[in-house]
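A short worksheet on the structure shown next.
To find a chain, count down the sequence lines: A is the first, B the second, and so on, and within it residues start at 1. Fair warning: this is a prediction, and the values are worked out from it, not measured in the lab.
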Amino acid sequence: MVNREEFNPAKFEKKWQKRWEEEDIYKTPSKIDPKEKFYCLDMFPYPSGAGLHVGHVEGYTATDIYSRYMRMQGFQVLHPMGWDAFGLPAENYAIKTGIHPKEITDKAIKTFTHQIKSLGLSYDWQQEISTHQPDYYRWTQWFFLLLYKMGLVYKKKAPVNWCPSCQTVLANEQVVDGKCERCGTEVVQKEMDQWFFKITAYADELLEDLKKIDWPESTKEGQKNWIGRSEGVVIKFQIPNSKEQTNNKSQTTNHKLYIEVFTTRPDTLFGATYLVLAPEHPLVNKITTPKYQETVKKYQEETRKKTALQRSALEKEKTGVFTGAYALHPVNGRKLPVWIADYVLMTYGTGAIMAVPAHDERDFQFARKYGLEIQPVIKPEKGEWDFEERAFTEEGVNINSGFLDGLKTRAAKERIISWLEKRGFGKKDVRYKLRDWLISRQRYWGAPIPVIYCTKCGTKEKPAIIPVPEKDLPVELPDDVDFKPTGESPLKYSKKFHDVVCPVCGAKGKGVVWRESDTMDTFVDSSWYFFRFTDPKNEKEFASKEAIKTWMPVDLYVGGAEHTVLHLLYSRFFTKVLRDAGYIDFSEPFLKLRHQGLILAEDGRKMSKRWGNVINPDDEVKKFGADTVRLYEMFMGPIKDAKPWSTAGEKGVYRFLKKVWRLQYKVREEKSNEREERQINKLIAYVGENIERLNMNVIIARFMEFVNSYTPKKRVPLEVWKRFLLVMAPFAPHITEELWARIGMPFSIHQQAWPEYNPELITNKKIKIAVAFNGKTRGTLEVNLGLTKEEVIDKVKTNPKLSKYYLENKIKKTIFVKDKIINFVGV
RNA sequence: GCCGCGGUGGCGGAAUUGGCAGACGCGCAGGACUUAAAAUCCUGUCCCGCUAAAACGGGGUGCGGGUUCGACUCCCGCCCGCGGCACCA
């Protein structure tokens with residue numbers, strides 16, 4: 001052979017990337033049959049200043065391989081990329097440096113784009129979107145208006161999570177361990193006027209539909225827990241001799257006052273020895289007796305001051321005070337003392353509980369501390385229980401429970417529920433942990449909430465809330481702002497921004513008409529972006545009905561597991577809203593979801609600037625080329641697992657590509673023999689099957705075996721070589737394109753059909769079957785496929801190695817699994 | 001505490017879902033080429049015993065039991081690691 005070249009990816013990777021772009025070979029097909037479509041989506045990244053990291057590369061490579069494979073299979077593929085561009089980091093950086101967030105973000109996007117292109121990923125850049133562009137966020141604002149129209153938006157004064165450092169409120173989902181997800185500052189509770197999306201209206205469906213989708217179990221579980229559905233009963237406890245003071249002082253009504261509690265264990269009702277209200281509960285002030293006014297007030301004060309963290313379970317001691325009031329047990333009429341305690345949360349259930357210290361650990365602790373009665377009413381079905389020691393929280397059999405005595409938990413529940421319902425003391429109910437989604441943020445770098453306040457349409461004290469008319473969208477972010485956080489949105493001080501006319505009455509002027517200055521949580525932006533990708537340039541709609549019908553839902557969605565509850569839940573919510581609004585006729589956006597695991601540093605720790613152990617994909621591409629980086633990240637292990645980087649392992653993959661490169665010089669135009677045909681046919685079948693399962697690591701192992709089988713001396717038949725290049729093309733697009741061109745095949749390998757395989761050729765003609773005696777494998781036999789038991793026994797008898805184990809008269813039983821194993825069982 | 005996932009050589013990981021455990025890669029050891037190194041190639045590499053080397057025998061998938069002709073795989077009870085939720089009544 002003449003002029004053997006060394007493998008040097010730098011020599012051809014850029015060249016092909018350029019050609020692919022010029023010839024636009026990954027262009028999204030426009031007119032297609034929805035049955036043959038495939039929408040393959042990555043979670044679009046936040047374009048951070050740090051640039052792309054190896055974790056991104058892992059997910060993107062996997063979807064790239066999948067997309068390329070589906071294209072070769074004849075599917076019409078949508079595989080887009082875009083930017084989740086709004087968010088705090090850019091704004092925080094702006095505060096520090098004075099550089100406008102837009103400038104920072106656009107620069108980061110440029111870097112990301114360049115990096116992604118250098119990896120040879122097959123995105124169609126015509127479909128690119130970015131959430132910070134007015135032509136994107138006008139539709140984010142449109143969604144706000146849509147939800148508003150549907151009655152799914154409201155504004156309310158509410159205790160919110162406030163981050164003193166970021167100077168903004170946070171969604172519950174953004175509070176981690178009582179701290180701000182972003183900066184780690186302890187979050188405090190604050191009463192503020194805020195905007196909410198009514199996601200709780202969909203709680204049941206969000207839970208129910210999890211059954212329909214192919215998602216990792218852990219992620220579904222995460223959503224289930226977050227939604228936190230529990231079935232129980234609301235029970236009324238009457239406050240005797242209570243008189244409710246109404247606002248109207250002259251009138252004193254004398255109707256009965258009740259405390260409503262929610263419980264999932266109504267069967268323990270006879271064990272309720274006291275009631276507890278959340279300190280913020282509206283009834284507290286009404287029922288507290290004069291004698292206890294002061295201590296109750298003081299306790300309420302203290303609670304208000306506590307941070308979320310202090311109030312959480314991490315706080316060891318339970319605290320509370322007595323209100324002086326009593327409530328009547330609905331069945332036996334006993335007077336139960338009513339306490340307040342901050343272990344009861346206003347935000348769950350009814351904000352009040354019946355305490356059953358014998359059967360609830362929290363109540364038990366509290367009762368112990370304050371000397372309240374502990375009355376066991378359930379005993380275990382088997383064995384004893386020391387009720388002095390701790391609460392018995394499992395199901396069992398009722399005792400000390402009047403007409404429930406002797407009943408098992410489930411029966412007791414039914415019995416007491418019908419008893420209570422009949423008498424109007426109780427009602428079955430379902431409660432959720434899920435709360436409405438707080439979407440307003442007092443920050444600049446987000447989509448402005450499209451609302452105008454008008455004092456003429458309303459009053460000075462209560463200005464009317466007027467949604468911005470659709471035709472006036474987008475409400476653009478003004479530039480005349482100061483980024484310093486003040487606790488209010490920087491937009492508040494923009495003159496340009498508030499220069500607005502009331503769309504209803506035409507009034508204007510400072511203090512008369514002004515815009516809402518809060519922006520939306522960036523999770524709003526990302527809750528619908530996958531719709532926009534189907535029709536990114538549409539100026540009339542967020543996406544046309546046809547485009548959505550063509551591409552949605554997403555067939556494969558890949559991204560990090562950290563979005564288990566936030567982004568994934570919100571996106572599902574938006575999809576259901578769109579369905580109810582009549583825009584779409586499906587209710588789940590992502591049919592199949594897979595997560596990529598964390599890529600750890602070489603030292604097994606998380607990659608971090610702090611440790612100086614960060615692997616930058618750019619450097620790796622420079623050293624080894626894009627194909628090596630792609631292939632190595634796929635070879636490391638299962639996509640979903642966390643796994644450490646290994647530069648040595650990466651070199652191994654590079655070595656493999658070198659071998660592939662050298663193999664070109666062994667290619668001959670000769671006919672392949674049967675063995676070679678079987679090998680390549682098997683490979684084709686194996687690769688396709690495992691791409692679909694995202695088992696990229698084992699595929700690469702097979703590629704290696706294939707190459708090794710040819711390396712020392714053997715020549716490669718041209719027809720085998722072609723098919724090998726084709727099946728490897730999705731994994732290593734550059735080298736395969738180069739080698740494809742070198743055998744004179746037309747551009748581009750990535751526009752070829754996936755090679756077919758002959759099902760008859762994907763098994764070996766000869767097969768090894770294991771021969772075992774008493775379950776112990778003693779050897780193998782190479783036999784033709786499909787041999788019968790008798791034939792195999794004959795072979796064993798005559799086999800020099802195996803015959804010595806075969807003592808005919810001792811064999812009791814012979815187990816034979818065709819083409820797999822034969823097992824002789826003796827004494 | 002609850003829920004989910006996992007535990008296989010020195011390391012990353014394979015095992016057609018109950019049928020030869022350790023594919024492939026890394027690392028390591030020995031050898032070839034070289035003045036030398038790098039690169040490349042070849043051979044070996046789960047542990048123990050017997051071996052000059054094999055052949056051969058025994059053990060082995062976190063631990064202890066069980067089901068089965070046969071268990072990394074299924075069942076029961078533990079231990080450990082990772083992730084999520086966490087006073088949610």
C1' spacing across the pair C24(B) / C76(B), given as an integer number of angstrom: 36 Å

Whole-angstrom distance between C80(B) and A32(B), as gauged at atom C1': 47 Å

My understanding is that only residues two or more places apart in sequence, or in another chain, count here; which of them pass side chain to side chain contact (heavy atoms under 4.5 Å, CB included) with Thr409(A)? Arg265(A), Asp267(A), Glu395(A), Lys413(A)

Can you figure out which of C85(B), A89(B), C87(B) approaches the side chain of Thr263(A) most closely? A89(B)

Sugar-phosphate only, base, or nothing, as touched by Pro638(A) at under 4.0 Å among non-hydrogen atoms: sugar-phosphate

Could you check whether the side chain of Lys224(A) and the base of C3(B) have a donor-acceptor pair of N or O atoms closer than 3.5 Å, going by distance alone? no

What's the shortest heavy-atom distance between Leu210(A) and Leu206(A), and which atoms? CG-O, 3.4 Å

The side chain of Lys813(A) lies closest to which of these nucleotides: U40(B), C87(B), C69(B)? C69(B)

Does Lys428(A) have more than 12 heavy atoms from other residues, nucleotides or ligands lying within 6.0 Å of its NZ? no

For nucleotides 15-22 of chain B, give me one character per nucleotide, 5' to 3': B if any protein heavy atom sits under 4.0 Å from the base, S if the only such contacts are to the sugar-phosphate, - if neither. ----BBS-

Using the six-membered ring wherever Trp is involved, compare the ring planes of Trp339(A) and Tyr274(A) and label them parallel, tilted or perpendicular (cut-offs 30° and 60°). perpendicular

Assess the side chains of Thr303(A) and Asp342(A): does a donor N or O sit below 3.5 Å from an acceptor N or O? no

Do other residues, nucleotides or ligands put more than 12 heavy atoms under 6.0 Å from the NZ atom of Lys666(A)? yes

Base orientation of G9(B), chi within 90° of 0 counted as syn, else anti, reads syn

Scan Arg662(A) against the nucleic acid and name what it touches under 4.0 Å (heavy atoms): base, sugar-phosphate only, or nothing. sugar-phosphate

By side-chain hydrogen bond (donor to acceptor under 3.5 Å, both in side chains) - contacts of Asn613(A) (at least two apart): Asp603(A)

Between Asn697(A) and Lys659(A), which is nearer to the 5' end of RNA chain B once each is assigned its nearest nucleotide? Asn697(A)

I'd like the P distance from G19(B) over to G83(B), given in whole Å. 33 Å

Ring centroid separation Phe731(A) to Phe703(A) under 6.0 Å: yes

So among Val276(A), Leu336(A), Leu283(A), Thr350(A), which one has a side-chain contact (heavy atoms from CB on, under 4.5 Å) with Ile259(A)? Leu283(A)

In whole Å, what separates the C1' atom of G27(B) from that of G10(B)? 7 Å

Looking only at heavy atoms, the pair that brings Leu434(A) and Ala203(A) closest together is CD2-CB, 4.0 Å

Residues which pass side-chain hydrogen bond (donor to acceptor under 3.5 Å, both in side chains) with Glu389(A), listed by chain and number, not counting sequence neighbours: none

Pick base, sugar-phosphate or nothing for Ser230(A), based on heavy-atom distances below 4.0 Å to the nucleic acid. sugar-phosphate

State whether the side chain of Asp363(A) and the backbone N or O of Val356(A) hold a donor-acceptor pair below 3.5 Å, judged by distance alone. yes

Nucleic acid contacts of residues 349-361 of chain A, taken as heavy-atom distances under 4.0 Å to RNA chain B: Ile353(A)

What integer number of Å spans the C1' atoms of C3(B) and C11(B)? 32 Å

What integer distance in Å separates Leu434(A):CG from C85(B):C1'? 14 Å

So, are Glu791(A) and Lys789(A) salt-bridged, with charged N and O less than 4.0 Å apart? no

Hey, do the aromatic rings of Tyr258(A) and Phe237(A) have their centres closer than 6.0 Å? no

Without placing hydrogens or testing angles, list every side-chain donor-acceptor pair under 3.5 Å for residues 632-641 of chain A, not counting sequence neighbours.
from	atom 1	to	atom 2	distance (Å)
Tyr632(A)	OH	Ser646(A)	N	2.9
Tyr632(A)	OH	Ser646(A)	O	3.3
Glu633(A)	OE1	Glu58(A)	N	3.1

Which atoms of nucleotides 4-10 of chain B (N or O only) lie under 3.5 Å from a protein N or O atom, and what are those distances?
none

Provide the distance between the two C1' atoms, one in G62(B) and one in G7(B), to the nearest whole Å. 6 Å

Between A29(B) and G81(B), how far is it from one P atom to the other, in whole Å? 34 Å

Rounded interatomic separation in angstrom, taking CG from Leu663(A) and C1' from C41(B): 15 Å

What N/O pairs connect the protein and nucleotides 57-61 of chain B at under 3.5 Å? Give each pair on its own line.
from	atom 1	to	atom 2	distance (Å)
G57(B)	OP1	Arg778(A)	NH1	3.2
G57(B)	OP1	Tyr805(A)	OH	2.5
G58(B)	OP2	Arg778(A)	NH1	3.3

Can you confirm whether Lys606(A) is buried at NZ, in the sense that more than 12 heavy atoms of other residues, nucleotides or ligands lie under 6.0 Å from that atom? no

Listed partners of Ser709(A) passing side-chain hydrogen bond (donor to acceptor under 3.5 Å, both in side chains), at least two apart: Gln679(A)

Could you state the atom-to-atom distance from CG of Asn708(A) to P of U43(B) in whole Å? 10 Å

Polar contact flag, side-chain donor to acceptor under 3.5 angstrom, Lys813(A)-Asn823(A): no

Whole-Å gap separating P (A23(B)) and CG (Leu683(A)): 19 Å

Among A39(B), A14(B), G84(B), the one nearest any side-chain atom of Lys658(A) is A39(B)

Interatomic distance at C1', C56(B) relative to C50(B), whole Å: 8 Å

Mark yes or no: Lys651(A) above the aromatic ring of Tyr654(A), with NZ or CZ under 6.0 Å from the six-membered ring centre and no more than 45 degrees from the axis. no

Report which part of the nucleic acid Asp363(A) touches: base, sugar-phosphate, or nothing (heavy-atom distance under 4.0 Å, all strands). nothing

When you check the side-chain N and O atoms of Thr319(A) and Tyr343(A), is any donor under 3.5 Å from an acceptor? no

Detail all sub-3.5 Å separations between protein N/O atoms and N/O atoms belonging to nucleotides 26-34 of chain B.
from	atom 1	to	atom 2	distance (Å)
C26(B)	OP1	Arg655(A)	NE	3.1
C26(B)	OP1	Arg655(A)	NH2	2.9

Stem ranges for RNA chain B, with three or more consecutive Watson-Crick or G-U pairs under 3.5 Å? B:1-7 with B:79-85, B:10-12 with B:24-26, B:27-32 with B:40-45, B:46-49 with B:56-59, B:62-66 with B:74-78

How about Thr628(A) and Glu650(A): does a side-chain donor come under 3.5 Å of a side-chain acceptor? no

Just do the side-chain contact (heavy atoms from CB on, under 4.5 Å) check on Ile353(A) and Phe262(A) with the steps written out, would you? CA-CA 6 Å; Ile353(A) 61 157; Phe262(A) 176 69; over 6 Å; no

Check each residue of residues 267-277 of chain A for a non-hydrogen atom within less than 4.0 Å of any atom in RNA chain B, then write out the ones that pass by number, or none. none

Counting heavy atoms not belonging to Lys427(A), are there more than 12 under 6.0 Å from its NZ? no

Under the rule syn = chi within 90° of 0, otherwise anti, which is U73(B)? anti

